[in-house]
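So the structure is just underneath, and the comments pick up after that.
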Amino acid sequence: MWTLQELDRPKLQLLALSSVGIGLTYFLVWRRKAKKSIPLGDGWWGHGQQTLRDDNKIYPFKVETSEDEINDLHRRIDQMRYTEPLEDCGFQYGFNSNYLQKVVSYWRNQFDWKKQVAKLNEYPHFKTNIEGLDVHFVHVRAPHRPGQKVLPLMLVHGWPGSFFEFYKILPLLTDTKDDLAFEVICPSIPGYGFSEAPHKQGFCSLDAARIFLKLMERLGFNKFYLQGGDWGSLITTNMAQMKPQCVSGLHLNMLAVTKRGVGMLLSLIIGPYLPFLVGFTREDVRRLFPYFEKNVYDLLMESGYMHIQGTKPDTAGCGLNDSPVGLAAYILEKFSTWTDRKNRDLEDGDLEKKYSLDDLLTNVMIYWTTRSIIPSMRFYKENFKTNPQNRVDARTGIFVPMGHAAFPNELMHCPLPWARWRFKDIRSYSYMPRGGHFAAFEEPRLLAEDFVKFVRKVEGKKR
């Protein structure tokens, strides 16, 4: 067997050619085993036994606050005890407490929660009961313009985000003068924000997907587009696997595709040296390699929260649910590091470069006022109870039209050849010029433009 240093160009080419037969065999075996769709199934996540009849009505909902709620927040903020940070540590140890005090001072003395509540209520909110849970969603209709085609679209958030992440992209999709506009539904994942948390164990992305499919059906949509990142990426993908006949197209800004066997090994060995042999571009090489540093070490350094939330969410969540400052530090650190990992070297985490404190604290307040941090963390536990590779969705292909916006500072990069292992009808794949994990929040115009470009390819429209 050759060592890595001995793999010159002729030997790499020979290795590539000799692996074709093995790779083809793996592909054919996968094709035989792969399922075409996931059974929809059913569930009940409410208190006690399932009721005989569901309440299918949709009720208007309004975000509200009170002086008692604000006074309680201020009292808890005033009782916070800070620990002096290490010298010159930036955000390497987490949220820098020197900068945290500045954020908290703004929160306590300048942030106007009543004003932000009014901002949240600028779009119509609703709730409806599905599988025993009151599911919250924002529903924004496009203004009627002659000659304009309006398509239904669901946007799904992730953690530690919320429906509020989409407030800047909503007008770019709904209030447009182009020949294409969208009627947008932004639900809150059960256990997040204003959606009721499951009362029973086992609620995972498949259950969220099923509930959101029922929501779209209840709203009268039998064909629609989907877009998501983070958990939203997995949930919308599951929706496409469950009811592909209802999904016109699936657009994602985060992909986590891995595959055991020769194909992956070949990509990692040959990719840095002869990327064209495995279908990589120079940009793939730049984003992906050195592979261990960017995809193992870096992810390990940034995934401590995942191990906690995937094992004992209720323990860690107690402190976060009790301390608004602790909650803000826990959430906002992700908006710094996941936007750009270079921000870890800065004392302020460059947090206000892409976001305003009003917007960031509004997202924190959605978690705080609804006491939803613990149920949102439980979602990791429920999804990691079993090996994700053994779940039914891991063995089910995705055959709906798909588009991917690959942002350069996303936590992981998925090259187009890897994406094709799972997604069988990729219509667009874009290397985005800037941006990170919270694409809709950070770069709403870029994401909106890429999504519309994808939809035009699916619809066969030209601008």
Side-chain angles (χ1 to χ4, degrees), residues 77 80-111 158-162 164-165 168 229-230 253-254 286-290 292-309 316 320 323-365 367-368 373 406-413 432-447:
I77 286 177
M80 175 62 189
R81 301 181 301 173
Y82 295 93
T83 300
E84 182 181 351
L86 296 173
E87 295 178 1
D88 305 318
C89 69
F91 266 51
Q92 294 288 352
Y93 286 74
F95 205 108
N96 187 289
S97 59
N98 285 339
Y99 179 61
L100 178 61
Q101 292 179 65
K102 296 178 182 178
V103 172
V104 171
S105 176
Y106 179 88
W107 195 6
R108 175 65 173 83
N109 302 304
Q110 294 173 261
F111 178 77
W159 187 92
S162 65
F164 182 62
E165 286 182 73
K168 290 182 180 179
D230 196 86
N253 55 275
M254 179 179 175
R286 188 186 71 81
R287 296 187 185 189
L288 203 58
F289 299 102
F292 183 85
E293 177 185 329
K294 293 187 176 182
N295 296 275
V296 179
Y297 178 76
D298 245 7
L299 282 180
L300 191 63
M301 293 294 290
E302 290 303 322
S303 59
Y305 80 98
M306 186 184 300
H307 297 285
I308 292 172
Q309 294 174 193
L320 302 178
S323 167
V325 178
L327 179 67
Y330 194 69
I331 288 177
L332 296 186
E333 183 257 317
K334 304 308 179 193
F335 280 89
S336 167
T337 303
W338 293 358
T339 296
D340 191 338
R341 278 172 279 193
K342 293 178 182 177
N343 292 342
R344 291 177 295 194
D345 296 327
L346 305 174
E347 183 172 315
D348 65 354
D350 224 7
L351 197 60
E352 295 174 70
K353 180 179 180 181
K354 292 292 186 76
Y355 314 106
S356 72
L357 286 181
D358 280 342
D359 286 346
L360 290 168
L361 290 170
T362 296
N363 184 65
V364 172
M365 286 294 289
Y367 280 86
W368 175 254
I373 187 61
F407 285 84
N409 295 325
E410 181 55 273
L411 295 173
M412 57 190 74
H413 176 64
M432 308 305 286
R434 62 185 180 274
H437 185 69
F438 303 99
F441 206 40
E442 179 191 356
E443 297 288 350
R445 188 166 296 277
L446 282 180
L447 183 62

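Keep in mind that the numbers below use all heavy atoms, side chains included, and drop hydrogens, waters and symmetry copies.
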**Request:** Look at the aromatic rings of Phe441 and Phe335 and report parallel, tilted or perpendicular, splitting at 30° and 60°.
**Result:** perpendicular
**Asked** Relative to each other, are the rings of Phe91 and Phe95 parallel, tilted or perpendicular (30° and 60° limits)?
**Response** tilted
Main-chain N/O of [Y] paired with [X] side-chain donor or acceptor, under 3.5 Å:
| X | Y | value |
| --- | --- | --- |
| Ser97 | Thr83 | yes |
| Arg341 | Glu302 | no |
| Asn363 | Pro160 | yes |
| Glu165 | Ser162 | yes |
| Lys294 | Phe289 | yes |

For the [atom1] atom of [X] and the [atom2] atom of [Y], what is their distance to the nearest 0.5 Å?
| X | Y | atom1 | atom2 | answer |
| --- | --- | --- | --- | --- |
| Trp107 | Gln101 | CH2 | CD | 14.5 Å |
| Ser336 | Leu360 | OG | CG | 10.0 Å |
| Glu442 | Leu447 | CD | CG | 11.0 Å |
| Asn253 | His437 | CG | NE2 | 8.0 Å |
| Asn98 | Asp348 | CG | CG | 11.0 Å |
| Leu299 | Glu293 | CG | CD | 11.5 Å |

Is [X] atom [atom1] crowded by more than 12 heavy atoms from other residues, nucleotides or ligands, each under 6.0 Å away?
| X | atom1 | answer |
| --- | --- | --- |
| Gln110 | CD | yes |
| Asn109 | CG | yes |
| Met301 | CE | no |
| Tyr93 | OH | no |
| Tyr106 | OH | yes |

**Request:** Evaluate the criterion salt bridge (charged side-chain N to carboxylate O under 4.0 Å, His left out) for residue pair Lys354 and Asp340; output intermediate values, then yes/no.
**Result:** CA-CA 10 Å; Lys354 292 292 186 76; Asp340 191 338; over 6 Å; no
**Message:** Show, in sequence, the C-alpha distance, side-chain angles and deciding distance for Ile373 and Trp159, and conclude whether the side chain to side chain contact (heavy atoms under 4.5 Å, CB included) test is met.
**Reply:** CA-CA 10 Å; Ile373 187 61; Trp159 187 92; 4.0 Å; yes
Least distance between heavy atoms, [X] atom then [Y] atom:
| X | Y | answer |
| --- | --- | --- |
| Leu320 | Trp368 | O-CZ3, 4.0 Å |
| Phe407 | Arg434 | CD2-O, 3.0 Å |
| Ile77 | Pro324 | CG1-CG, 4.0 Å |
| Met365 | Phe111 | CG-CE2, 3.9 Å |
| Ala440 | Pro444 | O-CB, 3.3 Å |

Heavy-atom check, side chain of [X] versus side chain of [Y], under 4.5 Å:
| X | Y | answer |
| --- | --- | --- |
| Thr339 | Asn409 | no |
| Val103 | Leu332 | yes |
| Asp230 | Phe438 | no |
| Tyr305 | Lys334 | yes |
| Met432 | Pro408 | yes |
| Arg108 | Met80 | no |

**Request:** Could you please spell out the steps behind the side chain to side chain contact (heavy atoms under 4.5 Å, CB included) verdict for Met254 and Met412?
**Result:** CA-CA 8 Å; Met254 179 179 175; Met412 57 190 74; 4.2 Å; yes
**Request:** List the steps, then state whether side chain to side chain contact (heavy atoms under 4.5 Å, CB included) holds for Thr337 with Asn343.
**Result:** CA-CA 6 Å; Thr337 303; Asn343 292 342; 5.7 Å; no
**Prompt:** Glu352 and Lys102: side chain to side chain contact (heavy atoms under 4.5 Å, CB included), yes or no, with the steps?
**Reply:** CA-CA 12 Å; Glu352 295 174 70; Lys102 296 178 182 178; over 6 Å; no
